[in-house]
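Just so you know, these numbers use all the heavy atoms, side chains as well, and skip hydrogens, waters and symmetry mates. Since the structure is predicted, the reported quantities are computational estimates derived from the model, not experimental observations.
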Amino acid sequence: CNLSHPYLRDYILERRVDYDIARKYCQEVHYCIYGKHYYAISFQNIEGGIETRNKFSKRSIGKKSISVIHSDTGHSKRCCVFEGFFNMLTYATMKKWKIDYGICIEDDCDFIVLNSVSNLKALLPCLSEYDYIHCYLDNDAAGVKTTQHIIKTYPGNTIDESIRYKSYNDLNDVVNGRIMNQKR
């Protein structure tokens with residue numbers, strides 16, 4: 001259903017993501033596990049599974065895979081690759097608010113979200129249709145290793161954009177001012 005629960009809205013705003021951006025790309029899901037009822041922000045992947053997130057948990061429902069969102073102008077020859085959907089939402093927010101800290105690129109791009117670096121194998125074939133691959137992965141060991149693998153597979157097409165936020169672990173940390181190795 002539409003993203004409307006006040007606690008989910010507050011969580012989105014707490015993460016400094018534009019609520020209208022979140023509503024454009026995400027839904028609200030209610031589910032039950034062992035008789036307990038939960039609700040979360042949901043983001044669909046290409047296999048029909050969903051990634052869910054709220055203030056207290058992050059999980060997958062159904063098959064885990066990547067998510068692909070084509071630009072508003074249709075399929076682009078450029079894509080931006082993100083590790084998680086909150087980083088993709090943060091990027092879209094930065095572009096909308098025009099406060100990109102020199103991070104966003106000018107052109108419209110398709111968005112591809114790994115939903116986990118373990119989905120790299122599913123990602124690689126999808127990247128073959130792009131002339132430019134902009135990697136906005138985390139600045140941790142797993143994100144760096146994944147970016148290096150993409151660069152090795154598509155050496156002439158891939159740009160490591162994480163250098164634009166090298167003092168931060170990810171894009172959402174940039175807008176929240178959380179520098180790496182700083183206590184939260």
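- L137 pairs with exactly one of D170, D160, T146 by the side chain to side chain contact (heavy atoms under 4.5 Å, CB included) rule, that one being T146.
- No close placement of the Y25 and F85 rings is indicated, their centers lying 6.0 Å or farther apart.
- The nearest pair of heavy atoms linking Y132 to H134 is CB-NE2, 3.8 Å.
- Judged by distance alone, the side chains of N172 and T90 do bring a donor and an acceptor atom under 3.5 Å apart.
- Between D18 and D20 the shortest heavy-atom distance is OD1-N, 2.9 Å.
- With hydrogens and angles disregarded, a donor-acceptor distance shorter than 3.5 Å links the side chain of S67 to the backbone of Q44.
- What you find for C1 and Q27 is that their closest heavy atoms are O-OE1, 2.8 Å.
- Here the shortest heavy-atom pairing between I21 and A92 reads CG2-CB, 3.7 Å.
- Both L124 and L114 are members of a single hydrophobic cluster when ILVMFWY side chains are connected at heavy-atom separations under 4.5 Å.
- Remark: side-chain polar atoms of E28 are paired, donor with acceptor, to backbone N or O of H5 under 3.5 angstrom.
- At distances below 3.5 Å, not a single donor-acceptor pair connects side-chain atoms of S162 with backbone N or O atoms of Y136.
- Of the possible polar contacts, one joining the N45 side chain to the K63 backbone as a donor-acceptor pair under 3.5 Å is found.
- A chain of hydrophobic side-chain contacts below 4.5 Å, direct or via other Ile, Leu, Val, Met, Phe, Trp or Tyr residues, connects L120 to I112.
- Looking only at distances, no side-chain donor or acceptor of D138 sits under 3.5 Å from a matching main-chain atom of D140.
- When ring centroids are compared, Y39 and Y31 stay outside the 6.0 Å threshold.
- Salt bridge annotation for E129-K77: absent, with no cationic side-chain nitrogen under 4.0 angstrom from a carboxylate oxygen.
- Judged by distance alone, with hydrogens and angles left aside, the side-chain atoms of R16 form no donor-acceptor pair with the main-chain N or O of N176 at under 3.5 Å.
- Heavy atoms from other residues, nucleotides or ligands lying under 6.0 Å from NZ of K145 number 12 at most.
- In the hydrophobic clustering of this structure, V17 groups with M88; members are Ile, Leu, Val, Met, Phe, Trp, Tyr whose side-chain heavy atoms approach within less than 4.5 Å, directly or through other members.
- Between the side chain of D110 and the main chain of S71, a donor-acceptor pair closer than 3.5 Å is present.
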Could you go step by step and tell me if T158 and C135 meet the side-chain contact (heavy atoms from CB on, under 4.5 Å) rule? CA-CA 7 Å; T158 307; C135 291; 3.7 Å; yes
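- Ring centroid separation for the pair H75 and Y130 comes in under the 6.0 Å cut-off.
- Here E51 does not pair with R59 in a salt bridge; the nearest charged N to carboxylate O distance is not below 4.0 Å.
- Contact record, S42 with V29: CB-CG1, 3.7 Å, taken as the closest heavy-atom pair.
- A salt bridge is defined here as a Lys NZ or Arg NE, NH1 or NH2 lying under 4.0 Å from an Asp or Glu carboxylate O, and D72 with K24 meets this definition.
- Figure legend: R15 and F86 shown as a cation-pi pair, the cationic atom lying under 6.0 angstrom from the six-membered ring centre and within 45 degrees of its axis.
- Although no hydrogens or angles enter the test, the distance criterion places no donor-acceptor pair under 3.5 Å between the side chain of R78 and the main chain of D108.
- With hydrophobic clusters built from ILVMFWY side chains whose heavy atoms lie under 4.5 angstrom apart, V81 does not share a cluster with L171.
- A donor-acceptor pair is defined here as one N or O able to donate and one able to accept, closer than 3.5 Å; no such pair exists between the side chain of N2 and the backbone of S4.
- A donor-acceptor pair under 3.5 Å is absent between the side-chain atoms of N119 and the main chain of A122, judged by distance alone.
- Taken together through direct or relayed side-chain contacts under 4.5 Å among Ile, Leu, Val, Met, Phe, Trp and Tyr, Y165 and I105 form part of one hydrophobic cluster.
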